[in-house]
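Pasting a structure below so you can have a look.
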Amino acid sequence: PGTYNVSVLLPAGYRFSVLNAGNDETKDSDINSTTSPQYSLMSGVSVDDADAGIFRTADLGNLVWHDLNANGLLDAGEPGLAFVKLTLEGTSGAGVPVNLMTTTDSQGIYTFGGIEPGNYRILVESPAGYEFTLANAGNNDDLDSDVQNGEIANITVISGGTTTSLDAGLFLRGSVGDFVWLDANGNGIQDAGETGIAQIPVSLAGTDGFGQAVLRNIVTDDNGYYLFDGLVPGNYNITFSFTDPYNATLPNATNDDKDSDLISGPVSLALVSGQQIRDVDAGLFTGGSVGNFVWEDLNANGIQDAGEPGIPGVEVVLTGPAAITRTTQTDASGFYNFAQLSPGIYSITLGLDASYITTVKNSGSDSQTDSDAEGRVINGVSIVSGLQRNDLDAGFFRYAGISGQLWEDKNGNEVRETGESPVAGASVTLTGTSGAGVSVNITIATSADGTYAFGSLVPGDYSVTI
C-alpha cells in the first residue's frame, strides 16, 4: 500500500490519445505526456483501469494527373499536373475539426502529412477548363482516379494507416473539324480560289474515354466548314455524306492541313485531351464530260458547213490522269461523248483509216463549228469540276483528183473520133485555192497517150489550163 504515479514512455513515432474520453473509466485513456495520475493503494486494493491510449499519425496523398485519353487510368506517359489545389477536411478521432490545404508539386504529387486518425475528405480544385475523369476505373486503386463530384470522400484514417493511392485524373475537352471544298482541278489540294461547299452532312461516331457511345450529326456552313466541339477524348470516325453529282478527290496529296482525307469510308482518329483538330478535310468534285463531232469536211475549209456528214463508227480513245483510258465509237451521226470525268488534262485519239486527212485546225471564230484535231489527236483538253466540253470536234477529208486526155481534134467537133491522135508532152497547169485557202499552181506534161492527172488534191476550187 502507498501512493504511486504512473507514466508511460512513448515508443518512437507514437502520440497519446485524448484523455478521459467518454464516460467509461475502463475504456478511456488516463495518461499522456503531461498527466501522470496518482494512485493511493490500500491493502489488498488493485487498480486495473490506469490505461494509456497511443496512436501514430498517417500520410495521405498521391497524384493529380492529366488523363490524356480520359479512360480513368494512369497510363504510361500521362503527366502529373502541377500547382493543383487540394483541401483536406474532416474530424480527428478526438473530435477536432481539420482543414488543411496543399498544392501538387511539379510532378503532380501531393501529401497531407501527420494526419491523426479520423474521418476525412479531400476537395480537389480543378484548373480552369479541366474536368474530372472517370472514377474507379479498372481494378487497381494505384492507377485509377478517386474523385467524384470534385472530392475524394469517405477517407477513414487509422493509426499509422498511410494511404498513397488517393489520385485525381483530369482532362480537357477537344474538338474536330474543318473544311469541305469543291476541288475544281481535282488535284486534291485546297488551292486559292477554290470554294467551300455548304450543307454537306458530316457525322461523328465513336466511343469516348468513358466508354460511352457518341453520335453527332451536323452540316457544313455556308463557307464549307464544320466543327464538333466539346468532345471527351476518345476514338472517333468522321463520315462525309455526299451523293451524286459529287465525287471524292485525290486523297493525301500534300500537307494534312491542305489535303483531302477521304480514301474510302470514314476518317478514323484518336482525340486526346485538349486536342483541337482542324485538318479533317474533304475535297469533292463533280464529273465533267468531253465530246462532240467527227465529220467529213467536204470542202476542207475546217468548218462544219451545212450538209457535211458525220463519220460513224470511228474509234475514239480518251486518255488522262491516273492512267485513265476509255474507248467509245462515234454514233451513226458522227457524235461521241465521255461522261463522269475527273478534273485533269486529257487527250483524245481518233482511229480513222489512212484515206482520211485531218482538216485545218481552228478555222473561223466559232469553237462549236471548227476542228480541234492535229493529226488524229486532240491534245491538252482541260476539264475542271463539272465542266461539260461539247466543242471537241474533228474534221477529215479525202483527197480529190482531176485528170483527162489531150488529143488533136482534127475536125473541131469537140468529140474524139477514130484517127484523132493524142498529144503528148503538152503542158497542163492547175491553178486554184484549197478549202483551207492555200493557193495551188501545178504544171505537168501529158503522157504518150495524151493523158494527164492531178492527184492528192485537197478539196477546193481549181482551173485547168493547157
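All values derive from a computational prediction rather than experimental measurement.
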Worked verdict on Asn379 versus Ser347 for side-chain hydrogen bond (donor to acceptor under 3.5 Å, both in side chains): CA-CA 5 Å; Asn379 276 316; Ser347 292; 2.9 Å; yes

Taking atom CD1 of Ile442 as the centre, report whether more than 12 heavy atoms of other residues, nucleotides or ligands fall under 6.0 Å from it. yes

Determine the minimum heavy-atom distance between Gly313 and Gln329, stating which atoms define it. O-NE2, 3.9 Å

Should the ring pair Tyr399 and Phe397 be called parallel, tilted or perpendicular, given that the plane angle runs from 0 to 90° and is split at 30 and 60? perpendicular

Would you please classify the geometry between the Phe112 ring and the Tyr110 ring as parallel, tilted or perpendicular, with 30° and 60° separating the classes? perpendicular

So which atom in Asp222 and which in Ala198 form the shortest heavy-atom distance, rounded to 0.1 Å? CA-CB, 3.8 Å

Return yes if some donor-acceptor pair links the side-chain N/O of Glu308 with the main-chain N/O of Leu298 below 3.5 Å, else return no. yes

Taking every non-hydrogen atom, the tightest pair across Ala453 and Ile444: O-CD1, 3.5 Å

Does the separation of the ring centres of Tyr246 and Phe240 fall below 6.0 angstrom? no

pair Glu89-Leu123: side-chain heavy atoms closer than 4.5 Å: yes

Verify whether one side chain among Asn411 and Glu417 offers a donor that lies under 3.5 Å from an acceptor in the other. yes

Does a sphere of radius 6.0 Å around CG in Asp256 hold more than 12 heavy atoms from other residues, nucleotides or ligands, not counting ones at 6.0 Å or beyond? yes

Testing the basics here: between Leu271 and Val232, what is the closest heavy-atom pair and its distance to 0.1 Å? CD2-O, 4.2 Å

Pair Lys410 + Glu420, salt bridge at N-O below 4.0 Å: no

Is the backbone N or O of Val314 less than 3.5 Å from a side-chain atom of Thr330, with the two atoms forming a donor-acceptor pair by type? yes

Got more than 12 heavy atoms from elsewhere within 6.0 Å of CD, Glu374? no

Taking Val290's backbone N and O only, do any of them form a donor-acceptor pair with Asn337's side chain (distance below 3.5 Å, no angle check)? yes

With no hydrogens and no angle check, just 3.5 Å: does a side-chain donor-acceptor pair link Asp259 and Asn255? no

In this structure, are over 12 heavy atoms from other groups packed under 6.0 Å from Lys85 atom NZ? no

Between Thr87 and Arg121, do the side chains contain an N or O donor and an N or O acceptor separated by less than 3.5 Å? no

Examine the side chains of Asn119 and Thr156 and answer whether a donor and an acceptor come within less than 3.5 Å of each other. yes

Taking all non-hydrogen atoms of both residues into account, name the closest pair between Gly196 and Phe179 and its distance. CA-CE1, 3.5 Å

Are a donor atom and an acceptor atom from the side chains of Asp305 and Asn299 found within less than 3.5 Å of each other? yes

Report yes if some heavy atom in the side chain of Trp181 is under 4.5 Å from a heavy atom in the side chain of Thr195; otherwise report no. no

With a 4.5 Å limit on heavy-atom distance, are the side chains of Gln340 and Ser289 in contact? no

Using only atom types and a distance under 3.5 Å, with no angle test, would you say the side chain of Thr104 pairs donor to acceptor with the backbone of Leu81? yes

Do we see a donor-acceptor contact under 3.5 Å between the side chains of Ser260 and Asp281? no

Do the side chains of Arg398 and Asp353 get close enough for a salt bridge, i.e. N-O under 4.0 angstrom? no

Check whether any side-chain heavy atom of Asn247 sits under 4.5 Å from a side-chain heavy atom of Phe242, and report yes or no. no

How about Gln304 and Trp295: does a side-chain donor come under 3.5 Å of a side-chain acceptor? no

Using only heavy-atom distances, determine whether the side chains of Thr286 and Ser385 contain a donor-acceptor pair under 3.5 Å. yes

Can a side-chain donor-acceptor contact be found between Asp229 and Ser175 if the only test is distance below 3.5 angstrom? no

Do Ser371 and Asp393 have side-chain atoms, one donor and one acceptor, less than 3.5 Å apart? no

Taking the side chain from Asp59 and the backbone from Thr164, do they hold a donor-acceptor pair closer than 3.5 Å? no

Working note: Asn292 + Asp391, criterion side-chain hydrogen bond (donor to acceptor under 3.5 Å, both in side chains); need CA distance, chi angles, decisive distance, verdict. CA-CA 6 Å; Asn292 211 35; Asp391 59 355; over 6 Å; no

Could you verify whether a donor N or O on one side chain and an acceptor N or O on the other, from Asp141 and Ser165, lie under 3.5 Å apart? yes

Within-4.5 Å side-chain heavy-atom neighbours: Val294 and Tyr336: yes

Any side-chain to backbone donor/acceptor pair from Asn223 onto Tyr225? Under 3.5 Å, distance only. no

side-chain hydrogen bond (donor to acceptor under 3.5 Å, both in side chains) partners for Ser447, two or more places apart: Asp449, Thr451

Shortest non-hydrogen contact from Leu134 toward Ser145: O-CB, 3.7 Å

Gln276 side-chain N/O to Gly274 backbone N/O, donor-acceptor pair under 3.5 Å: yes

Do the side chain of Thr446 and the main chain of Ala426 share a donor and acceptor less than 3.5 angstrom apart? yes

Keeping Thr133 on the side-chain end and Asp67 on the backbone end, is there a donor-acceptor pair under 3.5 Å? no

Do the side chain of Thr369 and the main chain of Ile303 share a donor and acceptor less than 3.5 angstrom apart? no

